[in-house]
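Protein chains get the first letters and strands the later ones, always in sequence-line order, with residue 1 at the start of each.
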Amino acid sequence: MSEQPKQLVAPTGTHDVLPDSSRAWERLIGTFSDMAHQWGFGLVLTPMFEDVAVFNRGIGEESDVARKEMYVFEDRGGRTLALRPEGTASIVRAFVQHHPTTPWKAWYVTPAFRYERPQAGRYRQHHQLGVEVLGTSDPLVDVEVISLAWRFYEAIGLRRIRLLINSMGHEECRGEFVVSLRRHLTDHELQLCEEHQKVWSSNPLRVIDCKKQECRSVVDAGPSIADALCSECVTHFSAVSEGLTAIGVPWERNVKLVRGFDYYTRTTFEFVSDALDGAQNAVGGGGRYDRLAEDLGGSPTAGVGFGSGIERLLLALQAEDVAHFEVLRDDSIDVFVVDTTGGQEALQLSDLLRRNGFAVDRAFDSRSMKSQLKAADRSGARVAILVGPQELEVGTITIRDLRAIDESNRQRVISRIDVVDAVREAIETSLN
RNA sequence: GUGGGCGUAGCUCAGCUGGUUAGAGCGCCGCGCUGUGGCCGCGGAGGUCACGGGUUCAAGUCCCGCCGUCCACCCCA
């Protein structure tokens with residue numbers, strides 16, 4: 001006797017999605033796919049791993065994600081590759097590579113990988129869906145992107161969502177702001193929180209959204225990005241916020257909204273769920289990235305997009321008790337075929353009914369009628385059709401309503417030839 | 001990367017200060033109903049008490065380590 005091998009499990013921070021919960025995933029992704037097409041976006045699929053430079057140059061080598069969270073590996077040909085940590089950089093790389101006509105409107109759904117310590121709403125593999133628009137700097141595109149996200153959240157049933165928007169300015173006014181911010185932080189370095197006293201100079205913008213009281217006091221007394229914007233950036237921001245208001249999407253300006261990726265210019269935004277109380281309350285976010293295509297070796301091309309975390313959305317839905325994302329009994333199959341003559345009849349009948357559009361399941365292993373009916377009940381089917389030796393001999397089928405309440409009149413015998421029509425009728429008359 | 005809680009049946013958990021064959025509910029299988037599910041009753045299967053060391057006459061229970069998980073920080077979806 002050999003020893004039983006050690007049982008293997010999914011790696012830390014990853015999860016299997018089983019049928020109990022995968023139905024909600026299907027609905028979420030299906031809804032987003034429908035809406036993205038309605039908004040004029042086409043699906044773009046890119047490889048799950050890229051040359052590490054795509055992400056380093058994209059999200060910025062100084063960002064936490066690039067510095068310590070990427071899954072970087074070398075392949076057998078000595079290439080340095082990384083599993084994608086977010087959705088945008090790959091899409092822009094594909095744009096640069098194929099130079100499609102603009103505006104290029106892409107939607108995507110993809111896993112994303114970050115080597116982090118897992119906790120509520122944060123995993124080493126999570127999933128994002130989102131869109132990107134390349135090739136136009138029209139502020140109304142920002143509005144279109146944000147509104148798609150907003151309408152999507154509405155469509156899936158989220159209510160307690162808030163939209164926070166800000167502008168990071170373009171290269172120049174943002175640069176000037178960083179200079180004055182640096183000056184201010186240098187003057188007040190010793191008042192910062194312990195952590196930021198050490199690391200603020202590598203990425204001063206990070207201090208702005210630090211939650212510690214020490215840093216907040218320093219930041220509040222310092223320069224605001226809102227005052228540093230040039231007139232063009234101010235105009236852009238106004239057009240975005242007015243556009244949102246025009247179509248009834250509520251927003252809040254948050255001048256401290258500084259997102260983690262370096263590629264953002266001008267518009268940045270984030271959607272937070274008030275139903276999620278933990279630190280992981282951001283269900284989506286994005287912004288404009290007018291320099292990114294250039295950074296990835298393309299010609300200067302404006303871009304804007306958003307991404308949303310599927311796991312976070314599901315947590316928010318759960319927290320809001322959105323019932324329609326639970327698995328409903330109605331969602332299951334129509335007919336369960338019970339066959340106690342060996343299984344050949346179930347084979348033929350299942351095939352026939354499925355070809356006629358019914359959702360059908362059956363039992364295997366020649367189990368007893370009692371056991372097969374139990375399985376039929378568990379399946380949630382509305383009706384069962386029964387074939388035993390008696391029916392087989394005379395060419396009939398017993399059709400049984402599994403949802404009827406009284407025992408009389410819930411079951412009848414039909415000719416096998418009429419099975420499709422009889423099943424159709426039985427399903428229509430069956431109670432819900 | 002830092003800090004804390006928790007790992008006992010498929011699932012949710014009980015197991016008092018260490019003491020004989022480790023329990024419950026749900027789920028699963030079977031029987032009551034030798035061709036009829038759900039409800040009810042009865043019965044059954046299923047556990048190297050995450051793993052590895054240690055203390056002890058004796059460890060699910062105490063100690064150390066390790067892995068996993070959850071939570072917080074950091075950061076983000």
**OP:** Ignoring backbone atoms, test whether Thr340(A) places a side-chain nitrogen or oxygen under 4.0 Å from the OP1 or OP2 oxygen of G35(B).
**Re:** no
**OP:** Identify whether any heavy atom of Leu386(A) sits under 4.0 Å from a base atom; if not, whether one sits that close to sugar-phosphate; answer base, sugar-phosphate or nothing.
**Re:** base
Subject >> Contact residues, residues 84-93 of chain A to RNA chain B [heavy atom, < 4.0 Å] >> reply: none
Subject >> NZ or CZ of Arg378(A) within 45° of Phe336(A) ring axis and under 6.0 Å >> reply: no
Original post:
Of the nucleotides G35(B), G38(B), C74(B), which one has an atom closest to the side chain of Gln119(A)?
Top reply: C74(B)
Subject >> Test item: side-chain donor near acceptor, Thr340(A) and Gln372(A), under 3.5 Å >> reply: no
**OP:** Stems involving RNA chain B: give each as a range paired with a range, ordered by first number, where a stem means at least three consecutive Watson-Crick or G-U wobble pairs under 3.5 Å.
**Re:** B:1-7 with B:67-73, B:10-13 with B:23-26, B:28-32 with B:40-44, B:51-54 with B:62-65
**OP:** Answer with base, sugar-phosphate or nothing: what part of the nucleic acid does Gly13(A) contact at a heavy-atom distance below 4.0 Å?
**Re:** sugar-phosphate
**OP:** Determine, step by step, whether Arg382(A) and Asp401(A) satisfy the salt bridge (charged side-chain N to carboxylate O under 4.0 Å, His left out) criterion, reporting the C-alpha distance in whole Å, the side-chain angles of both residues, the deciding distance to 0.1 Å, and the verdict.
**Re:** CA-CA 6 Å; Arg382(A) 308 164 86 92; Asp401(A) 185 340; over 6 Å; no
Original post:
Does the aromatic ring of His127(A) sit over the six-membered base ring of A77(B), closer than 5.5 Å centre to centre and tilted less than 30°?
Top reply: no
**OP:** Remember a base hit wins even if backbone is also touched, and classify Ala376(A) as base, sugar-phosphate or nothing at under 4.0 Å, heavy atoms.
**Re:** nothing
Subject >> Selection: residues 391-400 of chain A, any non-hydrogen atom under 4.0 Å of RNA chain B >> reply: Glu391(A), Arg400(A)
Original post:
Touch check for Tyr123(A), heavy atoms < 4.0 angstrom, all strands: base, sugar-phosphate only, or nothing?
Top reply: base
Subject >> All ring-ring contact (aromatic ring centres under 6.0 Å, His included) counterparts of Tyr123(A), not counting sequence neighbours >> reply: His15(A)
Within the sub-3.5 Å range, which N or O atoms of nucleotides 29-34 of chain B have a protein N or O partner, and how far apart are they?
{"unit_1": "C29(B)", "atom_1": "OP1", "unit_2": "Arg378(A)", "atom_2": "NH2", "d": "3.1"}
{"unit_1": "C29(B)", "atom_1": "OP2", "unit_2": "Arg378(A)", "atom_2": "NH1", "d": "3.4"}

Distances under 3.5 Å between protein N/O atoms and the N/O atoms of nucleotides 1-6 of chain B, please, pair by pair.
{"unit_1": "U2(B)", "atom_1": "O4", "unit_2": "Arg117(A)", "atom_2": "NH1", "d": "2.6"}
{"unit_1": "G3(B)", "atom_1": "O6", "unit_2": "Arg117(A)", "atom_2": "NH2", "d": "3.3"}

Original post:
Do you know which of Gln128(A), Arg84(A), His127(A), Glu86(A) makes side-chain hydrogen bond (donor to acceptor under 3.5 Å, both in side chains) with Thr110(A)?
Top reply: Arg84(A)
